[in-house]
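First comes the structure, then the notes that go with it.
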2 protein chains.
Amino acid sequence: MRRLAAAAEVTPGALYKHFRDKRDLQRAMADAVYATIDLAGIDTDSPTVDQVITCCERLRAAMLGFRDGGRIVAGSYSPFAATATISATLRKLLEGLILPSLDAGDVAYALRNYTTGFVIEEQAYLTLLAGGEWDALVQSLPRQGGTEAGRSSDAVAILTGDRDLRFRAGLKVILTGTVA
Amino acid sequence: MRRLAAAAEVTPGALYKHFRDKRDLQRAMADAVYATIDLAGIDTDSPTVDQVITCCERLRAAMLGFRDGGRIVAGSYSPFAATATISATLRKLLEGLILPSLDAGDVAYALRNYTTGFVIEEQAYLTLLAGGEWDALVQSLPRQGGTEAGRSSDAVAILTGDRDLRFRAGLKVILTGTVA
DNA sequence: ACCTGAACACCGTTCAAGT
DNA sequence: ACCTGAACACCGTTCAAGT
């Protein structure tokens with residue numbers, strides 16, 4: 001609050017005429033993150049799986065555009081316009097695509113939770129990397145017995161690899177299923 | 001740190017002989033959360049889809065057992081035993097189940113990110129509810145034009161409904177897919 | 001209506017000194 | 001090896017008073 005006030009060239013107390021408290025400000029920040037989502041080329045009247053994927057990728061991109069974007073957005077229920085727009089867009093796309101046995105709300109919610117979960121992990125990794133703490137952390141991963149099946153580091157492989165590719169792989173898993 | 005020190009009947013400075021800083025302590029807390037996961041009845045030698053679902057449900061239950069459990073666990077890379085155990089268990093189960101075209105690591109990562117994302121949202125809701133702030137927030141949701149398709153509140157419906165059911169519905173979506 | 005100054009009750013972290 | 005006391009540099013929030 002104090003640093004934000006300084007950036008706005010105002011005294012900290014002045015912020016409390018605009019936001020009830022820090023959490024109220026963070027809700028507004030969450031909507032500001034959603035507001036940067038690029039919806040160009042998304043047409044809810046002719047939905048495709050590719051558009052759903054694009055939608056999630058742009059949601060991810062929007063969060064990645066801000067420090068702690070994932071954590072800001074996660075669980076902040078910003079009751080504002082941009083938040084409503086992305087929710088409705090994703091759900092409308094899905095309504096025209098999914099199996100009739102499923103609920104579009106459940107699918108949209110799963111996709112959004114996957115996406116925010118992925119980005120939180122990703123930004124934590126990037127912060128650790130930038131601070132030079134990542135290598136020490138990976139080094140201290142428990143060396144477990146014998147076989148390579150023991151290394152607990154799929155997360156490590158995913159984070160240090162091509163994250164765009166891995167994110168899309170996860171989306172495809174959700175959309176197309178994993179078992180026969 | 002100060003409150004934890006008080007609970008441990010020790011001076012704040014003493015904590016810094018055991019943990020480098022607050023984040024280091026939170027990593028240990030994350031592992032402590034994972035350590036409460038009940039793995040009874042999970043047999044990685046004869047994997048079933050039901051076991052995967054149970055595994056994710058117990059992961060959710062473990063996080064729900066602690067204040068801010070989801071946020072503590074998300075993006076904290078605790079390089080400890082319990083963290084490695086749940087990761088390896090989930091992946092081993094999946095290796096025996098998924099379509100050969102998929103990677104067990106990607107699927108496990110998608111399931112974990114979905115689960116932590118869901119729990120973060122859930123705990124934020126529960127905190128808001130306990131603080132009496134939830135109703136005011138939902139009231140302020142933008143009333144958008146005409147049709148009921150406009151309400152942006154799938155998240156609201158999911159959170160205020162049977163969350164166990166909704167969580168499982170999301171898991172099934174991921175495991176069995178959404179499109180033909 | 002919006003802002004300032006000043007205060008209140010906190011934080012995380014460090015470090016010499018003790019045992 | 002582990003802990004205390006005390007300090008340093010911060011926090012979020014409130015509120016009378018100003019304009």
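Every chain is numbered from 1 and lettered A, B, ... according to where its sequence line falls, protein lines coming before strand lines.
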Per-nucleotide protein contact string for nucleotides 12-19 of chain C (B base, S sugar-phosphate only, - none; heavy atom under 4.0 Å): BBB-----
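- At whole-Å resolution of the value, CG in A:Leu15 and P in C:dA1 are 19 Å apart.
- Taking only side-chain nitrogens and oxygens, A:His18 comes nearer than 4.0 Å to OP1 or OP2 of C:dC3.
- In summary, B:Glu121 and A:Arg112 do not engage in a salt bridge, as defined by a charged side-chain N under 4.0 Å from a carboxylate O.
- When the side-chain hydrogen bond (donor to acceptor under 3.5 Å, both in side chains) test is applied to A:Ser76, no partner is found at least two apart in sequence or on another chain.
- Atoms CG and CG, from B:Asp45 and B:Leu93 in turn, are 9.5 Å apart once rounded to the nearest 0.5 Å.
- Under the Watson-Crick or G-U wobble criterion, with both distances below 3.5 Å, D:dT14 is paired with C:dA6.
- Checked against B:Ile72 for a side-chain contact (heavy atoms from CB on, under 4.5 Å), the options B:Met63, B:Met29, B:Arg67 give a single hit: B:Met29.
- Using cut-offs of 30° and 60° on the angle between ring planes, the pair A:Tyr125 and A:Trp134 is perpendicular.
- Figure legend: A:Arg166 and B:Tyr109 shown without cation-pi pairing, the cationic atom not lying both under 6.0 angstrom from the six-membered ring centre and within 45 degrees of its axis.
- If you chain together hydrophobic residues whose side chains sit under 4.5 Å apart, B:Leu90 and A:Leu159 fall into the same group.
- Using a 4.0 Å cutoff on non-hydrogen atoms, no part of residues 126-136 of chain A comes near DNA chain C.
- By the rule that hydrophobic residues join a cluster once side-chain heavy atoms approach within less than 4.5 Å of another member, A:Leu129 and A:Phe118 end up as members of one cluster.
- As rounded to the nearest Å, C:dA9 and D:dA9 have P atoms that lie 22 Å from one another.
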